[in-house]
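Below you'll find the structure, written out as C-alpha cells, and then a few comments.
FYI, the numbering just counts along the sequence from 1. Bear in mind the structure is a predicted one, so any value in this text is a computation, not a measurement.
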Amino acid sequence: MSNKKWSKAAKVIPKYTVLLVITSFILIPFYWMVSTSLKDFQQALSFPPQWIPSPIHWSNYFDLFAKQPFHLYVFNSLYIAALVTVGTCLFAALAGYAFAKIAFPWKNATFLILLSSMMIPTEITTIPLFIWLSKIGLVDTHFPLIVPPMLGAGGMFGVFLYRQFFITIPNDLDEAAKIDGCTPWTTFRKIMLPLASPAIATLSILTFLHSWNEFFEPLVYLNSSKLFTIPLALSLFTSDSGTEWHLVMAASVVATLPLLTVFFFAQKKFIEGVAMTGLK
C-alpha cells in the first residue's frame with residue numbers, strides 16, 4: 001500500500017474507532033433489553049448479570065399476550081400515534097405555509113405569540129384542561145391524547161418547522177403559480193406540499209416518537225385498562241410480588257419495533273429535513 005493510502009487510512013481509522021466506541025455504548029442497552037426478554041424470571045434477576053440467556057425462552061413473547069391483552073395496547077398506541085402524526089403534519093403545514101408565504105396583518109407578532117406557547121410546560125396546562133374535559137365528559141377517552149397534541153405546543157413546533165422550510169423556497173415559485181391562475185390553496189397543495197417532503201418526514205418521525213412514548217398524559221386522562229397505551233401497560237406487569245422484568249423487556253422490544261420501522265423508511269428524508277430546515 002502506498003504512503004498516500006496509509007496516510008489516508010491513518011486519518012480515517014481514529015474517527016471510525018471513536019464512532020465504534022460510541023455506537024457500542026448506545027447499543028448495549030438495546031442488547032440487554034433483547035437479552036433479558038429471552039430469559040426466565042430468575043435469570044433476569046441473577047447477579048452477576050447473565051449476558052447471554054441460556055436456555056432461550058421464546059415463550060416470553062407468547063406469555064406477554066396471554067397474561068394481558070397486549071395486542072389491544074399496541075393497537076391503541078398505534079392508532080393514537082398515527083392520528084396525531086397525520087393531524088399535526090396537516091395543520092402545521094397549513095399554518096406554516098401561511099406564516100411563510102401569505103401576507104396578513106400582525107403576522108410576525110402572531111407567530112411569536114404562538115411560538116411562546118412552546119415554553120409553557122405541559123404540566124401547567126394539564127389541570128385546567130383536565131377540568132374542562134371532565135365537564136364535557138371526555139376524560140377516560142382517547143380524545144385528550146389526540147386533539148390537544150395536534151393543536152398545542154407540539155403542533156406549534158411543527159408550524160415552526162414548516163415555516164422555516166417554506167421560507168427557503170423561492171418566492172418566484174409562488175408568483176409563477178399566481179400568474180398561472182393558482183389560488184393559495186392550489187399552490188400549497190400541488191406545489192409547496194410535495195416540495196416539503198423532508199419536513200414532513202422529519203415532523204412525522206418526531207411526532208410519532210413523542211406520541212408513542214407519551215406516559216404522563218395517558219396516566220392523567222385514562223382510567224379504563226382497555227384504553228391503555230403501551231407505556232401505561234408496562235406498569236401492569238408489576239405487582240406486590242415484584243416486577244416481571246422478562247415480560248417488561250419483551251413488551252419493550254415489541255414497543256420498539258414500530259419506531260424502528262418508521263425511522264427505517266423515513267430516515268433519508270428525516271436527515272435531509274434536519275439539514276435543510278432553518279438554512280435561511
Side-chain angles (χ1 to χ4, degrees), residues 1-40 43-58 60-61 64 70 73-74 77-78 81-82 84-85 88-89 154 157-158 160-161 164-165 197-216 229-231 233-234 237 243-279:
M1 184 180 291
S2 64
N3 292 334
K4 186 176 181 181
K5 291 183 178 180
W6 274 113
S7 178
K8 185 177 181 181
K11 293 180 180 179
V12 172
I13 290 176
K15 296 180 181 179
Y16 280 97
T17 302
V18 173
L19 289 175
L20 185 62
V21 172
I22 296 174
T23 303
S24 64
F25 279 106
I26 295 174
L27 292 179
I28 284 174
F30 286 96
Y31 172 78
W32 181 253
M33 176 180 67
V34 176
S35 174
T36 306
S37 72
L38 298 174
K39 300 175 183 177
D40 60 19
Q43 287 180 342
L45 299 176
S46 63
F47 187 84
Q50 185 175 348
W51 287 91
I52 301 177
S54 180
I56 295 177
H57 294 270
W58 295 104
N60 289 344
Y61 288 92
L64 175 66
F70 202 75
Y73 308 140
V74 172
S77 290
L78 190 60
V84 172
T85 300
T88 300
C89 288
F157 170 76
F160 170 77
L161 188 70
Q164 297 304 106
F165 187 88
S197 56
I200 294 173
T202 302
L203 185 60
S204 296
I205 291 177
L206 296 176
T207 305
F208 189 91
L209 179 64
H210 180 269
S211 180
W212 184 269
N213 290 329
E214 181 62 47
F215 176 79
F216 177 71
T229 57
I230 288 179
L234 295 179
F237 297 103
T243 301
E244 299 176 288
W245 288 111
H246 57 305
L247 296 183
V248 171
M249 292 301 173
S252 300
V253 171
V254 174
T256 305
L257 292 178
L259 301 179
L260 294 177
T261 303
V262 171
F263 184 77
F264 176 79
F265 285 105
Q267 60 175 329
K268 183 178 179 181
K269 291 294 184 181
F270 173 76
I271 296 171
E272 183 181 346
V274 172
M276 292 182 65
T277 301
L279 289 179

Item checked: Residues that Ile22 engages under side-chain contact (heavy atoms from CB on, under 4.5 Å), provided they are two or more places apart -> Val18, Ile26

Checklist line | Donor-acceptor contact present, side-chain Ser77 to main-chain Ile230, <3.5 Å | finding: yes

Next item on the list: Could you grab the distance from atom OG1 of Thr36 to atom CG of Leu247, nearest 0.5 Å is fine?
Entry: 12.0 Å

Item checked: Leu234 versus Val248, closest heavy-atom pair with distance -> CD2-O, 4.1 Å

Next item on the list: Check whether more than 12 heavy atoms from other residues, nucleotides or ligands sit under 6.0 Å from atom CG of Leu19, and answer yes or no.
Entry: yes

Checklist line | Which atom of Ala250 lies closest to which atom of Tyr61, heavy atoms considered | finding: O-CE2, 3.7 Å

Next item on the list: Kindly compute the distance separating OG1 (Thr202) from CZ (Phe165), expressed to the nearest 0.5 Å.
Entry: 8.5 Å

Next item on the list: Looking only at non-hydrogen atoms, find the nearest pair between Tyr31 and Ile52 and report the distance.
Entry: OH-CG1, 3.6 Å

Next item on the list: With sequence neighbours left out, write down each residue that passes side-chain contact (heavy atoms from CB on, under 4.5 Å) with Thr256, or none if nothing qualifies.
Entry: Phe30, Met33, Leu260

Check: When rounded to the nearest 0.5 angstrom, what is the spacing between OG in Ser37 and CG in Asn60?
Finding: 7.0 Å

Next item on the list: Identify the heavy atoms of Ala255 and Trp212 that sit nearest to each other, and give their distance.
Entry: O-NE1, 2.8 Å

Notebook entry, point to check: Quick one: side-chain hydrogen bond (donor to acceptor under 3.5 Å, both in side chains) partners of Ser211, sequence neighbours excluded?
Noted result: none

Margin query: Please check: side-chain N/O of Ser204 versus main-chain N/O of Ile200, any donor-acceptor pairing under 3.5 Å?
Written below: yes

Next item on the list: Report the C-alpha separation of Phe208 and Val84 in whole Å, then their side-chain angles, then the decisive distance to 0.1 Å, and conclude whether the side chain to side chain contact (heavy atoms under 4.5 Å, CB included) test is met.
Entry: CA-CA 7 Å; Phe208 189 91; Val84 172; over 6 Å; no

Item checked: Spacing of Leu64 atom CG and Ser252 atom OG [to the nearest 0.5 Å] -> 9.5 Å

Note to self: Could you work out, with ring pair (Phe, Tyr, Trp, His ring centres under 6.0 Å) as the rule, every residue matching Trp51, not counting sequence neighbours?
What the structure shows: Trp32

Next item on the list: With sequence neighbours left out, write down each residue that passes ring pair (Phe, Tyr, Trp, His ring centres under 6.0 Å) with Tyr73, or none if nothing qualifies.
Entry: none

